[in-house]
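Computed from a predicted structure; not experimentally measured.
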Amino acid sequence: MKTAVVGHTEWIEFGHVDHVPRAGDIVHATDGWEEPGGGGGVASAQLARLAGSCTFYTVLGDDDRALWTRRDLAGLGVRTVAVTRAEPSRRAVVFVDPNGERTITTLGRRLEPFAGDRLPWGELAEVDAVYLTGGDAEAVRLSRTARVLVATSRVMGLLGEADVPLDAVVGSDRDASERYDPDLLSTPPKLVVRTNGANGGSYETAEGRSGDYEPVPPPGPVVDTYGAGDCFAAGLTFALASGLEAQDAVALAARCGAWNVAGRGPFTNQLTAADL
């Protein structure tokens, strides 16, 4: 299976804290580490582990973090095709509390690929599945040349502007910035999934079928929830490209999210093809 991700990445600085700082607090993080992240970066690695490879269409800054991102994603089986903007790579600081819950602060402008960027857009017509986290309207249209196109609801305005049929949109019932808004789309997606973290979530199809899905128990203690939603979306993309029906596709996606929370950072415990 050929897969791709079109969207953004960020360089993440992680640290475990005994509590998320309140106004005026000073907290001392332990066990600090750094690695690439962001919705596109995490999803591309999860797709590579499920499908055997993934091409990541993105934008990187003009700094060492861009080099580190390419290096680390390549080590995870991701082929990164990126243009460079003459500005710093976007960063984020992530606090992980004793329950594994993550709190994110982003630093810098989100860098996203546009159709006018010199990227191998023509290859997408030969791709089985694309997951999209950002870009411009024409980049969405180019992504639609793939057999399956799944997008995050974080870019609902962009999806409405592009006005292309979507195989699935993944939203959130917990995060207001990821709410699915049907009024912005002229054609309903074939599948809409709304996640609700450890409580599971719900789905509905364009044909009118709907249901709730139960959370999947992680394979070990919850260590770090960063990236779980991105792994869920990547798993859903892979499942739909594999021909699974909605209920089974959502179940596989939920396994990807559950596996992710049992590892430190977004990459140490992603579901692989051998786990299926």
Side-chain angles (χ1 to χ4, degrees), residues 10 12 14-22 27 29-31 33 35 37-43 45-47 49-50 92-106 131 133 150-154 168-180 191-205 210-240 244 246-272 275-276:
E10 299 152 358
I12 313 295
F14 291 90
H16 285 107
V17 294
D18 59 13
H19 69 279
V20 176
R22 297 175 291 270
V27 298
T30 61
D31 192 25
W33 74 99
E35 59 189 332
V42 175
Q46 177 64 91
L47 276 168
R49 284 184 164 148
L50 292 170
V93 175
V94 175
F95 295 115
V96 182
D97 72 15
N99 296 317
E101 186 58 73
R102 89 291 185 270
T103 300
I104 306 170
T105 301
T106 59
Y131 175 58
T133 74
V150 177
T152 173
S153 62
R154 186 177 288 275
V169 173
V170 183
S172 172
D173 273 338
R174 299 199 306 168
D175 187 342
S177 68
E178 296 185 15
R179 291 285 169 83
Y180 171 70
L191 176 66
V192 175
V193 181
R194 296 176 175 87
T195 63
N196 193 15
N199 296 316
S202 62
Y203 68 92
E204 60 190 61
T205 70
S210 63
D212 296 328
Y213 68 88
E214 295 296 321
V216 174
V222 175
V223 176
D224 182 358
T225 60
Y226 181 87
D230 304 316
C231 289
F232 179 102
L236 183 71
T237 304
F238 174 80
L240 293 175
L244 297 185
Q247 186 174 3
D248 292 333
V250 170
L252 190 152
R255 284 186 68 197
C256 290
W259 253 243
N260 178 257
V261 304
R264 188 187 79 156
F267 305 119
T268 59
N269 208 57
Q270 289 183 330
L271 196 74
T272 70
D275 299 315
L276 299 180

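Using a distance-only test at 3.5 Å, with no hydrogens or angles considered, no donor-acceptor pair links the side chain of Tyr226 to the main chain of Gly265. With hydrogens and angles disregarded, a donor-acceptor distance shorter than 3.5 Å links the side chain of Asp275 to the backbone of Thr272. Checked by atom type and distance alone, the side chain of Asn99 never pairs as donor or acceptor with a backbone atom of Glu101 at under 3.5 Å. Counting only distance, with no hydrogens or angles, the side chain of Arg49 and the backbone of Phe267 share a donor-acceptor pair below 3.5 Å. Judged by distance alone, the side chain of Thr103 and the main-chain N or O of Val96 form no donor-acceptor pair under 3.5 Å. Here the side chain of Ser153 pairs a donor or acceptor atom with the backbone of Glu178 at under 3.5 angstrom. In this structure, the side chain of Thr225 engages the main chain of Arg102 through a donor-acceptor pair within 3.5 Å. Counting only distance, with no hydrogens or angles, the side chain of Glu35 and the backbone of Ile12 share no donor-acceptor pair below 3.5 Å.
In this structure, Pro266 and Gly227 approach most closely via the heavy-atom pair CB-CA, 4.5 Å. Pairing each heavy atom of Ala234 with each of Ala43, the nearest pair is CB-O, 3.6 Å. In terms of heavy-atom proximity, Gly15 sits nearest to Ala29 at CA-CB, 4.0 Å. Nearest heavy atoms, Ala251 versus Val216: O-CG2, 4.5 Å. The two residues Gly100 and Val222 make their nearest non-hydrogen contact at CA-CG1, 4.3 Å. Taking every heavy atom of both residues into account, Phe232 and Ala253 meet most closely at O-CB, 3.2 Å.
The structure places CG of Leu47 at 9.0 Å from CD of Gln270, a figure rounded to the nearest 0.5 Å. The CG atom of Asp173 lies 10.0 Å from the CG atom of Asn199; values are rounded to the nearest 0.5 Å.
In summary, the side chains of Ser177 and Arg154 do present a donor paired with an acceptor at a separation below 3.5 Å, with no hydrogens or angles considered.
Here the side chains of Cys256 and Leu50 are in contact, with some heavy-atom distance below 4.5 Å. No side-chain heavy atom of Phe14 sits under 4.5 Å from any side-chain heavy atom of Arg264. Looking at heavy atoms from C-beta onward, Arg194 lies out of side-chain contact with Asn196 at the 4.5 angstrom threshold. The shortest distance between side-chain heavy atoms of Gln46 and Thr237 does not fall below 4.5 Å. Within the 4.5 Å cutoff, no side-chain heavy atoms of Tyr203 are placed close to those of Leu236. For the pair Cys231 and Trp259, the minimum side-chain heavy-atom distance is 4.5 Å or more.
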Q: Kindly determine whether Tyr213 and Thr195 satisfy side chain to side chain contact (heavy atoms under 4.5 Å, CB included), including the steps that lead there.
A: CA-CA 9 Å; Tyr213 68 88; Thr195 63; 3.4 Å; yes
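When each of Val170, Thr133, Asp230, Val169 is tested with Thr152 by the rule side chain to side chain contact (heavy atoms under 4.5 Å, CB included), just one qualifies, namely Thr133.
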